[in-house]
Amino acid sequence: MILINSNLDTFLAIIETKTVTSAAIKLGLTQTAVTQRLKALESDLGLSLFTRSRTGMRLTSEGEVLYRYCLEAKSLEGRLLAGIGKQGEFENLDFTIVGPAHLFNG
């Protein structure tokens, strides 16, 4: 199970590496592929996630919200996979994903 799709994974790589070029290297993709994934994510959400400059990319306030969501989703995914790994025994996990409506509604 993956709670973070490839576009969100690309978003996280850009945050970690600070540039599209470095994110492409980290992910084993072309710079064009990383740019396309980021544009697709921004288009789906209808907002800009980064402020671009010569020194790198900085998160917008909306990007900060999405970043916090991604961190929570990664944590939840880890807990879920750890729970599943207990020899077929499943733990009950109740969770709620909360955030501004414009991030979750098309």
Novice: By side-chain contact (heavy atoms from CB on, under 4.5 Å), which residues pair with T30, not counting sequence neighbours?
Specialist: T32, A33
Novice: For residues 12-28, dump all side-chain donor-acceptor pairs below 3.5 Å to protein atoms at least two apart in sequence or in another chain.
Specialist:
unit_1: E16; atom_1: OE2; unit_2: K26; atom_2: NZ; d: 3.4
unit_1: T17; atom_1: OG1; unit_2: A13; atom_2: O; d: 2.8
unit_1: T17; atom_1: OG1; unit_2: T19; atom_2: O; d: 3.1
unit_1: T17; atom_1: OG1; unit_2: A23; atom_2: N; d: 3.2
unit_1: T19; atom_1: OG1; unit_2: S22; atom_2: N; d: 3.0
unit_1: T19; atom_1: OG1; unit_2: S22; atom_2: OG; d: 2.9
unit_1: T21; atom_1: OG1; unit_2: Q31; atom_2: OE1; d: 3.3

Novice: Would you please name every residue forming a side-chain hydrogen bond (donor to acceptor under 3.5 Å, both in side chains) with S75, sequence neighbours left out?
Specialist: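 Scan of S75 (side-chain hydrogen bond (donor to acceptor under 3.5 Å, both in side chains), adjacent residues dropped) gives none.
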Novice: Got a sec, which residues hit side-chain contact (heavy atoms from CB on, under 4.5 Å) with S43, two or more places apart in sequence or on another chain?
Specialist: none
Novice: Could you note down all residue pairs passing salt bridge (charged side-chain N to carboxylate O under 4.0 Å, His left out) where residues 46-60 supplies at least one of them, sequence neighbours left out?
Specialist: E42-R52
Novice: Measuring from M57:CE to L49:CG, what's the distance to the nearest 0.5 Å?
Specialist: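 Rounded to the nearest 0.5 Å, the CE-CG separation comes out at 8.5 Å.
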Novice: Can you run down the ring pair (Phe, Tyr, Trp, His ring centres under 6.0 Å) pairs that involve residues 17-37, sequence neighbours left out, and say none if there aren't any?
Specialist: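 Found none.
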Novice: What residues, two or more places apart in sequence or in another chain, satisfy side-chain contact (heavy atoms from CB on, under 4.5 Å) together with A40?
Specialist: N7
Novice: With sequence neighbours excluded, give me every ring pair (Phe, Tyr, Trp, His ring centres under 6.0 Å) pair touching residues 14-40.
Specialist: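 Those involving residues 14-40 do not exist here.
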Novice: Rounded to the nearest 0.5 Å, how far does OG1 of T10 lie from CG of L38?
Specialist: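 Result: 8.5 Å between the selected atoms.
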Novice: Listing request: all ring pair (Phe, Tyr, Trp, His ring centres under 6.0 Å) pairs with a residue in residues 38-63, at least two apart in sequence or in separate chains.
Specialist: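 Applying ring pair (Phe, Tyr, Trp, His ring centres under 6.0 Å) to every pair that reaches into residues 38-63, excluding sequence neighbours, yields F11-F50.
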Novice: Supply the atom-to-atom distance L47 CG to L66 CG, rounded to the nearest 0.5 angstrom.
Specialist: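 The CG atom of L66 is 8.0 Å from CG of L47, to the nearest 0.5 Å.
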Novice: In Å and rounded to the nearest 0.5 Å, what is the CD to CD distance from E64 to E62?
Specialist: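 That separation rounds to 10.0 Å.
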